Amino acid sequence: MTSINPTLHIVGAGAIGSLLAAGAQRQHLAYQRYPRTMANIPHYARWIDNSKVPLSMQTAQANVLAKNDVLVLPLKVYQLESALSYWRPYLVHSPALVLLHNGMGGWEIAQQILGPHYPLLLATTSHGAFKQIDDKGKAFITYSGKGSTQIGAPNKGNRLSPLLSDAINLLHNAFPPVSTPDNIVHALWQKLSVNMVINPLTALNHIQNKHILDSQFSDVRRALCKEFVDVANACGLVFNETKVHEHVLAVAKATGENYSSMHQDVLHGRPTEIDAINGYIVEMAKKKGIHVPVNTLMVERIKALNL
Ligand SMILES: NC(=O)C1=CN([C@@H]2O[C@H](COP(=O)(O)OP(=O)(O)OC[C@H]3O[C@@H](n4cnc5c(N)ncnc54)[C@H](OP(=O)(O)O)[C@@H]3O)[C@@H](O)[C@H]2O)C=CC1
Ligand SMILES: CC(C)(CO)C(=O)C(=O)O
């Protein structure tokens with residue numbers, strides 16, 4: 001079963017999901033959001049040029065998707081298991097599915113629920129967005145930082161099926177630029193290297209990203225990067241310790257005025273993504289018999305905040 005015009009089905013109505021919806025809206029592409037509740041669903045997006053992009057408030061019940069539709073899950077890793085279990089009966093035609101999150105572990109969860117052969121894309125984005133409430137009490141999102149999205153099928157390089165290539169084109173049309181690195185898993189680990197240093201240090205010390213450049217964090221930064229490289233290399237990914245550290249510093253500088261997502265989660269008393277970030281490194285290290293005391297400490301200290 002295929003539809004004439006493929007629809008972008010977006011699970012939830014969070015910051016990134018609604019940003020993607022706004023991109024589709026601007027390009028006149030068919031999209032549908034599936035929030036858990038109507039409370040706080042963003043009504044519009046405040047675009048980067050300050051223009052207002054109204055969002056369709058027509059939400060739907062999940063239904064069997066057409067083969068050429070695309071289902072995007074811009075969720076936290078800890079939200080994926082229940083979302084994928086819920087959606088599984090509606091995926092009988094195997095439309096392309098896109099996981100879009102920080103941290104790692106989503107691929108493993110999707111494989112467990114959908115099997116190893118499901119047409120799956122993994123993505124990471126450096127666009128920035130957050131939810132707010134306006135003076136009329138309506139939720140909206142602000143597109144706060146222009147970035148780009150990298151996407152690919154794990155272990156497939158650029159040998160993508162037409163179904164997956166079409167899904168990537170649809171995402172690129174909705175929210176460019178979308179690029180396809182040679183190895184998406186490597187790209188996700190690269191993003192992990194940034195988040196495993198900046199996120200817990202900014203959250204634990206209540207600082208903006210730029211402050212992790214301070215010399216007081218030099219030892220902990222370097223120790224985290226060394227552990228990261230040991231584990232990544234043991235998992236078959238090639239990373240160099242000096243380059244990883246330099247990349248982390250470059251991102252901290254470029255996003256210097258930001259408060260990281262983990263800092264904001266801690267500030268607002270929300271669950272953090274620590275399990276999918278430093279926790280993932282600890283989990284992989286355990287499997288490979290590698291000692292990662294500093295990542296372990298980061299996990300323990302964030303968890304001790306009892307969010
Ligand atoms: N925001 C940003 O600028 C960036 C975010 N990211 C990453 O993208 C991912 C998503 O982030 P973000 O959009 O900020 O997060 P949000 O918390 O804003 O969005 C997640 C949304 O998904 C909803 N949700 C969770 N489970 C389900 C479900 N089963 N069915 C329907 N809706 C569901 C949540 O609803 P509810 O409110 O009911 O829990 C929430 O609205 C994270 O991994 C984040 O780190 C990456 C780059 C930038
Ligand atoms: C790159 C960085 C650290 C930007 O703030 C981020 O991804 C986050 O805050 O989660």
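All ligand and atom numbering here is 1-based and tracks the order in the structure. Bear in mind that the values here come from a model prediction, so they are computed numbers and not experimental data. What's counted below: heavy atoms across the whole structure, side chains too, no hydrogens, waters or symmetry copies.
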Using distance alone, with no hydrogens and no angle criterion, decide if [X] and [Y] have a side-chain donor and acceptor under 3.5 Å apart.
{"X": "Y44", "Y": "D134", "result": "yes"}
{"X": "T180", "Y": "Q150", "result": "no"}
{"X": "E108", "Y": "Y280", "result": "yes"}
{"X": "S260", "Y": "N209", "result": "no"}
{"X": "N102", "Y": "E273", "result": "no"}

**Report entry** Nearest non-hydrogen partners of L120 and A110, listed with the distance
**Finding:** CD2-CB, 3.9 Å
Just to confirm my output: which protein heavy-atom neighbour is closest to [atom], and how far is it?
{"atom": "atom 11 (O) of ligand 1", "answer": "K76 CE, 4.0 Å"}
{"atom": "atom 32 (N) of ligand 1", "answer": "G12 CA, 3.2 Å"}
{"atom": "atom 31 (C) of ligand 1", "answer": "Y34 O, 3.3 Å"}
{"atom": "atom 19 (O) of ligand 1", "answer": "G14 CA, 3.2 Å"}
{"atom": "atom 3 (C) of ligand 2", "answer": "N199 OD1, 3.5 Å"}
{"atom": "atom 10 (O) of ligand 2", "answer": "S261 OG, 2.5 Å"}
{"atom": "atom 48 (C) of ligand 1", "answer": "H127 O, 3.2 Å"}
{"atom": "atom 47 (C) of ligand 1", "answer": "T125 O, 3.5 Å"}
{"atom": "atom 10 (C) of ligand 1", "answer": "P74 O, 3.5 Å"}
{"atom": "atom 38 (O) of ligand 1", "answer": "R36 NE, 3.2 Å"}

Is [X] touching ligand 1 with its side chain, its backbone, both, or neither, if touching means heavy atoms under 4.0 Å apart?
{"X": "E273", "answer": "side chain"}
{"X": "Y86", "answer": "neither"}
{"X": "A15", "answer": "both"}

State the atoms of ligand 2, each with its element, that fall below the 4.0 Å cut-off from a heavy-atom position in [X].
{"X": "K191", "result": "7 (O)"}
{"X": "I198", "result": "3 (C)"}
{"X": "N102", "result": "7 (O), 10 (O)"}

Query raised in the report: Do ligand 2 and S260 have nitrogen or oxygen atoms that lie under 3.5 Å from each other?
Result: no
**Report entry** Close N or O approach (N209, ligand 2; < 3.5 Å)
**Finding:**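 Checking ligand 2 against N209, an N or O pair does fall under 3.5 Å apart.
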Query raised in the report: Is it the case that more than 12 heavy atoms not belonging to D49 sit under 6.0 Å from its CG atom?
Result: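 Yes.
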Query raised in the report: What do you reckon, are the aromatic ring centroids of F239 and H186 less than 6.0 Å apart?
Result: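 That pair passes the under 6.0 Å test.
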**Report entry** Centroid-centroid under 6.0 Å between F175 and H127 rings
**Finding:**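 F175 vs H127: aromatic centres under 6.0 Å.
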Query raised in the report: Checking side-chain contact (heavy atoms from CB on, under 4.5 Å) against N278, which of V294, T296, L224 comes through?
Result: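 By the side-chain contact (heavy atoms from CB on, under 4.5 Å) criterion, N278 pairs with just one of V294, T296, L224: L224.
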Nearest neighbour of [atom] from the list [options], on a heavy-atom basis:
{"atom": "atom 22 (O) of ligand 1", "options": "I16, L99, L75", "result": "L75"}
{"atom": "atom 2 (C) of ligand 1", "options": "A129, S18, P35, S126", "result": "A129"}
{"atom": "atom 7 (O) of ligand 2", "options": "V248, N258, N195", "result": "N195"}

Query raised in the report: Mind checking whether E273 has a heavy atom under 4.0 Å from ligand 2?
Result: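 Per 4.0 Å heavy-atom rule, E273 does not contact ligand 2.
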Query raised in the report: Would N173 and Q27 count as a side-chain hydrogen bond (donor to acceptor under 3.5 Å, both in side chains) if you check the C-alpha gap in whole Å, the side-chain angles of each, and the deciding distance to 0.1 Å?
Result: CA-CA 7 Å; N173 291 339; Q27 302 304 325; over 6 Å; no
Report task. Kindly indicate whether the side chain of W87, heavy atoms from C-beta on, has any atom under 4.5 Å from the side chain of L65. Result -> yes
Requested in this report: Before signing off on this row, confirm whether S261 and ligand 1 have an N or O atom pair separated by under 3.5 Å.
Outcome: no
**Report entry** Euclidean distance, H172 NE2 relative to S148 OG, rounded to 0.5 Å
**Finding:**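 It comes to 11.0 Å.
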Report task. Give the atoms of ligand 1, by number and element, whose distance to some non-hydrogen atom of V11 is under 4.0 Å. Result ->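 Close to V11: 30 (N), 31 (C).
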Report task. List every atom of ligand 1 that sits less than 4.0 Å from any heavy atom of G128, numbering the atoms from 1 in the order shown and giving each element. Result ->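 Result: 3 (O).
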Query raised in the report: Who pairs with F130 by ring-ring contact (aromatic ring centres under 6.0 Å, His included), at least two apart in sequence or on another chain?
Result: none
Query raised in the report: Is D230 paired with K288 through a side-chain N to carboxylate O contact shorter than 4.0 Å?
Result: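 Salt bridge between K288 and D230, a charged N being under 4.0 Å from a carboxylate O: no.
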Report task. Quick one: look at H263 and ligand 2, take heavy-atom pairs under 4.0 Å, and tell me if it's side chain, backbone, both or neither. Result ->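 Neither part.
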